[in-house]
Structures are given as structure tokens and as C-alpha cells.
Amino acid sequence: MITPGSKYFFGLTGLSLIAAILYMVLVNPSDLGAVALFGLASCGAVIGAMALFTRDGDVYTDEEAVAANAVAGPPSFWPIVFALGAALVLTGLATVPVVFILGIGVLFGAGLEWTIQNWSQRASADTAFNSFVRERAIG
């Protein structure tokens with residue numbers, strides 16, 4: 001059975017192909033617009049195939065999804081640091097390259113720490129073991 005998400009992308013693929021063919025016939029066959037429409041069609045086909053292959057990401061039943069999200073992890077300050085890094089990158093684009101490079105470093109470091117923290121919180125139900133796993137991964 002074709003999933004709803006893949007139906008959308010396969011429809012986008014079909015409409016893009018029709019638009020590209022009409023564009024080539026009516027406007028100009030060697031124009032950049034036709035290339036862009038064929039690119040849109042190929043991207044829609046790939047994303048539709050991935051959505052079909054993964055069944056739109058439906059891996060849990062409703063009860064399993066509620067149980068998996070019932071316990072929230074502890075609060076983290078890494079998203080704020082990550083946002084600060086993004087602000088530094090944007091500010092550095094408008095001002096000096098040193099601020100841009102500093103922002104890239106903050107983005108990379110905060111993203112890595114945030115990823116490891118979220119991964120280690122879900123390693124097991126034991127918080128002491130999760131702390132050990134986080135320290136081991138960072139060390």
C-alpha cells in the first residue's frame with residue numbers, strides 16, 4: 001500500500017514532469033527552467049521512495065508512542081548555546097570573519113554535546129549508567 005506521504009511526493013513528481021515537458025515544448029528546450037523542473041521531479045521521486053520505504057516513519061503503535069514520550073529528560077542548556085552559535089555565525093557574516101569562525105566552533109561544540117547528552121539519556125532506564133555512558137563517550 002502506498003503511504004499518504006509518498007502519495008504527495010509522487011504527485012509532486014508527476015506534476016513536475018508534466019510542467020517540465022510543457023516548459024520544454026512551449027518555452028525553450030535548452031533553458032535552465034526545464035533543468036530546475038526535472039531536478040524538482042527527481043527530488044520528489046527520491047523523497048517519495050524514501051517515505052514509501054520507511055512507511056512514513058510509522059514505527060510505533062499509539063500505546064508505544066505514548067509510553068516512549070511519557071518521561072521527559074532533564075532540561076538542557078545546549079540548545080541555548082547552539083542558538084548563540086547560530087547568532088554568532090550570522091553576526092560574523094555581517095561583520096568580521098573571527099566572529100564567524102568562533103560561531104562555527106560554538107555551533108559544532110554545542111551540537112556535539114547536545115547530541116551526546118540526548119543519546120546518553122536514552123541509553124537505559126538507570127540514570128547512573130546513563131551518566132557513566134555520557135562521560136565515557138565524551139572522554
Side-chain angles (χ1 to χ4, degrees):
M1 182 175 150
I2 298 178
T3 60
S6 59
K7 285 180 188 177
Y8 170 76
F9 286 109
F10 289 148
L12 176 70
T13 300
L15 289 175
S16 299
L17 286 175
I18 292 170
I21 291 169
L22 287 175
Y23 187 88
M24 289 178 63
V25 169
L26 299 175
V27 178
N28 188 0
S30 64
D31 199 16
L32 188 61
V35 173
L37 287 169
F38 279 120
L40 179 64
S42 62
C43 290
V46 168
I47 294 173
M50 287 190 308
L52 182 64
F53 179 73
T54 60
R55 310 296 304 159
D56 285 348
D58 294 335
V59 294
Y60 292 117
T61 64
D62 292 339
E63 294 81 20
E64 290 172 332
V66 169
N69 292 318
V71 178
S76 174
F77 68 91
W78 292 115
I80 297 170
V81 176
F82 192 82
L84 174 69
L88 285 173
V89 166
L90 292 176
T91 304
L93 284 173
T95 58
V96 293
V98 174
V99 176
F100 176 77
I101 293 170
L102 178 68
I104 293 289
V106 171
L107 271 176
F108 181 73
L112 185 66
E113 286 284 341
W114 191 11
T115 302
I116 289 175
Q117 181 182 12
N118 284 337
W119 167 76
S120 68
Q121 288 173 356
R122 289 163 180 79
S124 72
D126 184 19
T127 56
F129 178 74
N130 292 348
S131 176
F132 168 74
V133 167
R134 182 178 185 281
E135 295 300 321
R136 182 76 184 247
I138 290 174

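- Contact between V89 and I104 at its shortest, heavy atoms only, is CG2-N, 3.6 Å.
- Residues near F108 contribute nothing to a hydrophobic cluster around it, because no ILVMFWY side-chain heavy atom sits closer than 4.5 Å to its side chain.
- Judged as a side-chain hydrogen bond (donor to acceptor under 3.5 Å, both in side chains), and not counting sequence neighbours, the contacts of S76 are Q117.
- In this structure T3 satisfies the side-chain hydrogen bond (donor to acceptor under 3.5 Å, both in side chains) test together with S6, D56, sequence neighbours excluded.
- L40 is connected to I47 through a chain of hydrophobic side-chain contacts under 4.5 Å among Ile, Leu, Val, Met, Phe, Trp and Tyr, so both are in one cluster.
- Taking CG from L84 and CD1 from I80, the interatomic distance works out to 10.0 Å, rounded to the nearest 0.5 Å.
- Atom CG of residue L107 and atom CG of residue L112 lie 12.0 Å apart, to the nearest 0.5 angstrom.
- A side-chain hydrogen bond (donor to acceptor under 3.5 Å, both in side chains) check over residues 82-100, counting only residues at least two apart or in different chains, returns nothing.
- S42 is linked by a side chain to side chain contact (heavy atoms under 4.5 Å, CB included) to nothing, counting only residues two or more places apart in sequence or in another chain.
- Here E113 pairs with W78, R134, I138 under the side chain to side chain contact (heavy atoms under 4.5 Å, CB included) rule; sequence neighbours left out.
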Quick one: side chains of residues 18-25, donor-acceptor pairs under 3.5 Å with protein atoms, not counting sequence neighbours, listed by atom name and distance.
from	atom 1	to	atom 2	distance (Å)
Y23	OH	D31	OD2	2.4

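- More than 12 heavy atoms of other residues, nucleotides or ligands lie within 6.0 Å of CG in L26, so this atom counts as buried by the packing criterion.
- Using a 4.5 Å cut-off between side-chain heavy atoms of Ile, Leu, Val, Met, Phe, Trp and Tyr, with links allowed through other members, L102 and V81 fall into the same hydrophobic cluster.
- Sorted by first then second residue, the side-chain hydrogen bond (donor to acceptor under 3.5 Å, both in side chains) pairs that include residues 8-21, not counting sequence neighbours, number zero.
- Interatomic distance, F10 CZ to L15 CG, rounded to the nearest 0.5 Å: 14.0 Å.
- Through direct or indirect side-chain contacts shorter than 4.5 Å among Ile, Leu, Val, Met, Phe, Trp and Tyr, F53 is connected to no other residue.
- For L93, the side chain to side chain contact (heavy atoms under 4.5 Å, CB included) criterion is met by L90, F100, not counting sequence neighbours.
- F129 is connected to W119 through a chain of hydrophobic side-chain contacts under 4.5 Å among Ile, Leu, Val, Met, Phe, Trp and Tyr, so both are in one cluster.
- Screening residues 81-102 for salt bridge (charged side-chain N to carboxylate O under 4.0 Å, His left out), with sequence neighbours left out, gives no hits.
- Annotation for G85 and V106: closest pair CA-CG1, 3.6 Å, computed over non-hydrogen atoms.
- Scored by the ring pair (Phe, Tyr, Trp, His ring centres under 6.0 Å) test, F82 finds W114 as partners (sequence neighbours excluded).
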